[in-house]
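Here the structure comes first, spelled out in structure tokens, and everything after it is commentary.
Owing to the predicted nature of the structure, the values given are computational and were not obtained by experimental measurement. Naming: A, B, ... by sequence-line order, numbering from 1 per chain.
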Amino acid sequence: GENVEQHPSTLSVQEGDSAVIKCTYSDSASNYFPWYKQELGKRPQLIIDIRSNVGEKKDQRIAVTLNKTAKHFSLHITETQPEDSAVYFCAATPFWGSASKIIFGSGTRLSIRP
Amino acid sequence: ETGVTQSPTHLIKTRGQQVTLRCSSQSGHNTVSWYQQALGQGPQFIFQYYREEENGRGNFPPRFSGLQFPNYSSELNVNALELDDSALYLCASSLGQGDQPQHFGDGTRLSIL
């Protein structure tokens, strides 16, 4: 069945360093890959997304890469700051005609050390 | 622009009862998706509604059902509540299906005693 695996489950980096979170998806029909940030007790917030016809996308300190052949996609955060501490979720969206669903990874808890 | 709003914010029920959760989509959005998020886990897709019809469903039993109204607001109904149904229920709206960004509400925290 459809599955999204996310690694690592926890990540601690020094402020100013980079953080990388990796995901693998199983359904080749997936064509849209959003990333969400969820702070404690708050709603998931879309931070960046990428579509299957693009290999890389960047927005300030955040970048996402996609390898459709290997079914891998990754989130890169550079120059990390304390406010980057949160749980990050990757997701994949299999889409067939008029039907779609979104499959989330299990999350990565990112902690930024001062 | 009005964001996604959900009600109630918290709810306590007992096993066997029924519950209805409500969601108002973001202005201009015609698609609503519902998710269940257990503590410490990622959101699990329940189903999606587009133009008042269910057009995608996750691995949830039929006692999870929904509706979408002409104004694109939506309800999630759960019958015969079980202890494992305790979770945060999130609603997300988008402008269309597939590769459209989904924006989440704050969720309803459901506790089953």
Does F45(B) share a hydrophobic cluster with F104(B), counting links as ILVMFWY side-chain heavy atoms below 4.5 Å and allowing steps through other members?
yes
CD (Q38(A)) and CG (L90(B)) are apart, to the nearest 0.5 Å, by 6.5 Å
Quick one: are Y36(A) and Q102(B) in side-chain contact, heavy atoms under 4.5 Å?
yes
Taking atom CG as the centre, does N59(B) end up with more than 12 heavy-atom neighbours from other residues, nucleotides or ligands that are less than 6.0 angstrom away?
no
Side-chain contact, heavy-atom cut-off 4.5 Å: S33(B) with I102(A)?
no
Over 12 foreign heavy atoms within 6.0 Å of CD, E79(A)
no
At a heavy-atom separation under 4.5 Å, does Q37(B) approach chain A through its side chain, its backbone, both, or neither?
side chain
Running the 4.5 Å side-chain criterion over Ile, Leu, Val, Met, Phe, Trp and Tyr, what cluster does F33(A) land in, apart from itself?
V4(A), L11(A), V13(A), I21(A), Y25(A), W35(A), I47(A), I48(A), I50(A), V54(A), I62(A), V64(A), L66(A), F73(A), L75(A), I77(A), Y88(A), I103(A), L110(A), I112(A)
Identify which part of P44(A) has an atom lying under 4.5 Å from any heavy atom of chain B, answering side chain, backbone, both or neither.
both
Distance-only, no hydrogens or angles: does the R51(A) side chain make a donor-acceptor pair with backbone N or O of D99(B) under 3.5 Å?
yes
Residues passing the side chain to side chain donor-acceptor pair (under 3.5 Å) test with E39(A), sequence neighbours excluded, are none
Count the heavy atoms of every other residue, nucleotide or ligand shown that sit under 6.0 Å from CG of L83(B), and state whether that count exceeds 12.
yes
Non-hydrogen atoms of chain A under 4.5 Å away: do they reach the side chain of Y35(B), the backbone, both or neither?
side chain
